[in-house]
Amino acid sequence: MLTLFNTLTGRQEVFEPIEPNKVRMYVCGVTVYDYCHIGHARSALVFDVLRRHLESCGYAVTFVKNFTDVDDKIIKRANEQGVSCDAVTAKYIQAYHEDMGRLGIRAATEEPKATEHIVDIIQLTERLVAKGLAYCVDGDVYFEVPKYPEYGRLSKRRLEDLQAGARVDVDERKRHPMDFALWKSSKPGEPAWESPWGPGRPGWHIECSAMSIRHLGETFDIHGGGMDLIFPHHENEIAQSCGATGKDFARYWVHNGFVQVNQEKMSKSLGNFFTIREIFEKSEWPGEIMGEILRYFLLSTHYHGPLDFSDQALKEAKNALNGFYDLFGRLAEPGGDATPDQSLSQGIDRCRTAFKAAMDDDLNTPVAIASLQGLRSDANKLLGEGLSSEGRRQVREAFRSLGHNLGLFQLERWDFNVRVEPASAHLTLTTFSPTTRMEERLTDLQIENKLAERIEAKKRKDFKRADAIREELRTLGITIEDKPDGTSRWKR
RNA sequence: GGCGCCGUACCCAAGUGGUAAGGGAGCAGUCUGCAAAACUGCGAUGCAGCGGUUCGAACCCGCUCGGCGCCUCCA
């Protein structure tokens, strides 16, 4: 039984979908005017994992994640670069898919764009005007916040408190300082669509209301996004949607915590943010592995809390992952013919049960990972006692199927232990220097040949030569492990 | 000024009333020609501090200290 922390009620609640066996979920995506940073990655990953878990619980999940492709920042960026807004948004939407794809984040069921829903947005705005909840001034349309008495319910704020803290110059044409734009008249050169109020473009909040209603209906199950969206964005979405439909909007509101650097929120103004592609580009590990490391790192903390990003944290994630793939490597080697031990199936069952319980408990991924570590430990012990081929297959399969819920353990091969120089251990925005360049790497065949030579040397008891070969490979980032039967295995 | 979050061992991190999961790093041992990996053992008498409630608190209440976020675009 899945429970989720619901921001709306401020407590963890049992999840019950509106329609049995079906879940409709909307998550606020990104404004496409720049490359995504690791904070975007965390949010995308959290909801990717939520979706995977819902599916593993047997729900048919309709997952909608939008792109905001009309916005002040996009216009600014287009002007700076002397290109059209379309060019800007197309570029960063593609980059989004590339970056998230490298993290193993699956595409949503629907990924609507604001510009494709102008009609829906205008119609929703008209409904609000007709109901007297919105008004038009000089071609702009504003939502009149005091007309919606529930305003502040999600963010637990009172209208009076908000006014006291207002630090922004208030547009005098607005009836109330907190009123927000549904529709903005366009200046010359800006993207514009015809509307009952003249040429203009949508405000930020209205698009999510329009798109979620279009794709999921007026009331749906889960609405998610980063913590910073609670106010004002989600608060405004609720006001618009409920105001227009008179019905409940989303039933469960799920928000993920921030990625921080040195205990501070990553932000452009502080200059302490890392884009996803920069992390991949500067990584000393191959892309597939870096993706899994990042994923493991991002899931090693509960989604609701803050998460500090650092070079060391990444390295710890990588070390932890090494242990798993080390095991998988051994599991891939042939074992005996015996029927798998009973303790094996008990170990796997124990892990499955613990894993499910952790995920059901508000997506407690750190505990879910701990359950996998427990199975790793069990499997290593069984391996020491001589696990059969069938047993090995079963263990690997358990890791693969459970790991699938987190997007982990799907790789066939894991070239790890690429050497890292201590000097590059500080991730100061520009470091991440690879020690072993790809072109310097030995091919598998070259390594096998070296290994064969070393085994010969060992047979001759020429340990000096054997050690020299091992040292030679070690400097190239290859680690050799001798097995009891006289043969060796290697890894990067 | 208002609203809210956080503070658990060297590091990361679970735990929301019943006596501190897990991982990483470290140390010791087993194994090994030597290693590596694996396995075994060691590691918070205490959960920022001080009070209070309770048979019992990291968990509840109060105060203090420290850090952070939101109230403006923001995952």
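Proteins come first, then strands; the chains are lettered A, B, ... in the order of their sequence lines, and each starts at number 1. Here the structure is a predicted model, which means the values were calculated and not measured. All heavy atoms count here, side chains included; hydrogens, waters and symmetry mates do not.
- Within the nucleic acid shown, A/Ile230 has no heavy atom closer than 4.0 Å to any nucleic acid atom.
- Distances shorter than 4.0 Å separate some side-chain N or O of A/Asn380 from OP1 or OP2 on B/C39.
- For the side chain to side chain contact (heavy atoms under 4.5 Å, CB included) test, residues two or more places apart in sequence or in another chain that qualify with A/Glu448 are A/Leu451, A/Trp490.
- Which of B/A75, B/A14, B/A38 sits closest to the side chain of A/Arg330 comes down to B/A38.
- Separating the CZ atom of A/Phe309 from the C1' atom of B/A75 is a distance of 15 Å, rounded to the nearest angstrom.
- The distance between atom CG of A/Asp228 and atom P of B/A75, rounded to the nearest whole Å, is 6 Å.
- For the 3.5 Å distance criterion, the side chains of A/Glu237 and A/Ser209 fail to qualify, holding no donor opposite an acceptor.
- Residue A/Arg454 places its side chain closer to B/G33 than to any other of B/A14, B/A37, B/G33.
- Comment: A/Lys483 engages A/Glu333 in a salt bridge, judged by a side-chain N to carboxylate O separation of less than 4.0 angstrom.
- In this model, the phosphate group of B/A37 is not approached by any side-chain N or O of A/Lys483 to a distance below 4.0 Å at OP1 or OP2.
- Counting only heavy atoms from C-beta on, A/Lys491 has its side chain closest to B/A37 among B/A14, B/A37, B/A75.
- Side-chain proximity of A/Asn256 to B/A37, B/A75, B/A13: nearest is B/A75.
- Judged purely by atom type and a 3.5 angstrom limit, A/Asn405 has no side-chain atom pairing as donor or acceptor with the backbone of A/His53.
- Between A/Phe220 and A/Phe249, the ring planes are perpendicular. Angles over 60° get that label, and only those under 30° would be called parallel.
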Donor-acceptor contacts, no H, no angles, side chain residues 365-381 of chain A, under 3.5 Å, sequence neighbours left out:
{"unit_1": "A/Thr365", "atom_1": "OG1", "unit_2": "A/Leu299", "atom_2": "O", "d": "2.7"}
{"unit_1": "A/Ser371", "atom_1": "OG", "unit_2": "A/Ala368", "atom_2": "O", "d": "2.5"}
{"unit_1": "A/Gln373", "atom_1": "NE2", "unit_2": "A/Tyr296", "atom_2": "OH", "d": "3.1"}
{"unit_1": "A/Arg376", "atom_1": "NH1", "unit_2": "A/Ala320", "atom_2": "O", "d": "3.4"}
{"unit_1": "A/Asp378", "atom_1": "OD2", "unit_2": "A/Arg350", "atom_2": "NH1", "d": "3.0"}
{"unit_1": "A/Asn380", "atom_1": "OD1", "unit_2": "A/Arg330", "atom_2": "NH1", "d": "2.8"}
{"unit_1": "A/Asn380", "atom_1": "ND2", "unit_2": "A/Arg376", "atom_2": "O", "d": "3.4"}

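- Counting any heavy atom pair closer than 4.0 Å across all strands shown, A/Val46 reaches no nucleic acid atom.
- Across B/C70, B/A38, B/A14, the shortest atom-to-atom separation from the side chain of A/Val367 is found for B/A14.
- Under the rule for a salt bridge (charged side-chain N to carboxylate O under 4.0 Å, His left out), A/Arg396 has no partner lying at least two apart in sequence or in another chain.
- Not counting sequence neighbours, the partners of A/Arg157 by the side chain to side chain contact (heavy atoms under 4.5 Å, CB included) test are A/Ser155, A/Leu162, A/Phe231.
- Relative orientation of the A/His255 and A/His234 rings is tilted, given thresholds of 30° and 60° on the angle between their planes.
- Applying the salt bridge (charged side-chain N to carboxylate O under 4.0 Å, His left out) test to residues at least two apart or on different chains, the pairs with a partner in residues 176-186 of chain A are A/Asp72-A/Lys184.
- Here B/U40 presents its P atom at 11 Å from CG of A/Leu382, a figure rounded to the nearest Å.
- For A/Leu229, counting side-chain heavy atoms from C-beta on, the closest listed nucleotide (B/G33, B/U40, B/A75) is B/A75.
- Counting to the nearest Å, the P atom of B/C3 and the CZ atom of A/Arg157 are 11 Å from each other.
- A distance of about 14 Å separates the C1' atoms of B/A44 and B/U19, rounded to the whole Å.
- Residue A/Ile74 contributes atom CD1, which lies 15 Å from atom P of B/C73 at whole-angstrom precision.
- Taking atom C1' in both B/U54 and B/G17, the straight-line distance is 9 Å, to the nearest Å.
- For the side chain to side chain contact (heavy atoms under 4.5 Å, CB included) test, residues two or more places apart in sequence or in another chain that qualify with A/His37 are A/His40, A/Met266, A/Phe273.
- Residues from residues 463-471 of chain A with heavy atoms under 4.0 angstrom of RNA chain B, sorted by number: A/Phe463, A/Asp467, A/Arg470.
- Nucleotides B/C60 and B/G22 are separated by 24 Å at their P atoms, to the nearest Å.
- Under 3.5 Å, the side chains of A/Asp228 and A/His233 contain no donor-acceptor pair of N or O atoms.
- What separates NE2 of A/His304 from C1' of B/G69 is a distance of 13 Å, to the nearest Å.
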Here RNA chain B, pairs taken as Watson-Crick or G-U under 3.5 Å and shown with ( ), [ ] when crossing and | when to another strand, reads ((((((((.[[[..)..(...]]].(((((.......))))).....[[[[[..)....]]]]])))))))....
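- Not a single donor-acceptor pair, N or O on each side, falls under 3.5 Å between the base of B/C12 and the side chain of A/Asp308.
- Within 4.0 Å of A/Phe258, counting heavy atoms only, lies at least one base atom of the nucleic acid.
- Within a 6.0 Å sphere centred on CD of A/Gln81, heavy atoms belonging to other residues, nucleotides or ligands number more than 12.
- Annotation: side chain to side chain contact (heavy atoms under 4.5 Å, CB included) contacts of A/Val46 (sequence neighbours excluded): A/Arg42, A/Asn256, A/Tyr303.
- Heavy atoms of A/Gly39 sit under 4.0 angstrom from at least one base atom.
- At a threshold of 4.0 angstrom between heavy atoms, the contacts of A/His302 are confined to the sugar-phosphate backbone, with no base atom among them.
- Following rounding to the nearest Å, A/Lys156 (NZ) and B/G69 (C1') show an atom-to-atom distance of 16 Å.
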Would you list the protein and nucleotides 22-27 of chain B atom pairs, both N or O, that sit under 3.5 Å from each other?
{"unit_1": "B/G22", "atom_1": "O2'", "unit_2": "A/Gln373", "atom_2": "OE1", "d": "2.1"}
{"unit_1": "B/G23", "atom_1": "O4'", "unit_2": "A/Gln373", "atom_2": "OE1", "d": "3.3"}
{"unit_1": "B/G23", "atom_1": "O4'", "unit_2": "A/Gln373", "atom_2": "NE2", "d": "3.3"}
{"unit_1": "B/G23", "atom_1": "O3'", "unit_2": "A/Arg376", "atom_2": "NH2", "d": "3.4"}
{"unit_1": "B/G23", "atom_1": "N2", "unit_2": "A/Glu316", "atom_2": "OE1", "d": "3.3"}
{"unit_1": "B/G24", "atom_1": "OP1", "unit_2": "A/Arg376", "atom_2": "NH2", "d": "3.1"}

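- Screening A/Gln12, A/Arg11, A/Glu13 for a side chain to side chain donor-acceptor pair (under 3.5 Å) involving A/Thr3 leaves a single residue, A/Gln12.
- A close approach under 4.0 Å does occur between a side-chain nitrogen or oxygen of A/Thr301 and OP1 or OP2 of B/A13.
- Between B/A37 and A/Asn322, no contact under 4.0 Å exists linking OP1 or OP2 to a side-chain N or O.
- The side-chain hydrogen bond (donor to acceptor under 3.5 Å, both in side chains) search around A/Asp71 returns none, not counting sequence neighbours.
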With 3.5 Å as the limit, what N/O pairs link the protein to nucleotides 65-68 of chain B?
none

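- Using the six-membered ring where Trp is involved, A/Trp253 and A/His223 have ring planes that are parallel, under 30° apart on the 30 and 60° scheme.
- At a threshold of 4.0 angstrom between heavy atoms, the contacts of A/Arg42 with the nucleic acid are absent.
- Rounded to whole angstrom, the span from the CE atom of A/Met266 across to the C1' atom of B/C70 amounts to 17 Å.
- Of the residues near RNA chain B, A/Val259 and A/Ser155, the one whose nearest nucleotide (by heavy atom distance) lies more toward the 5' end is A/Ser155.
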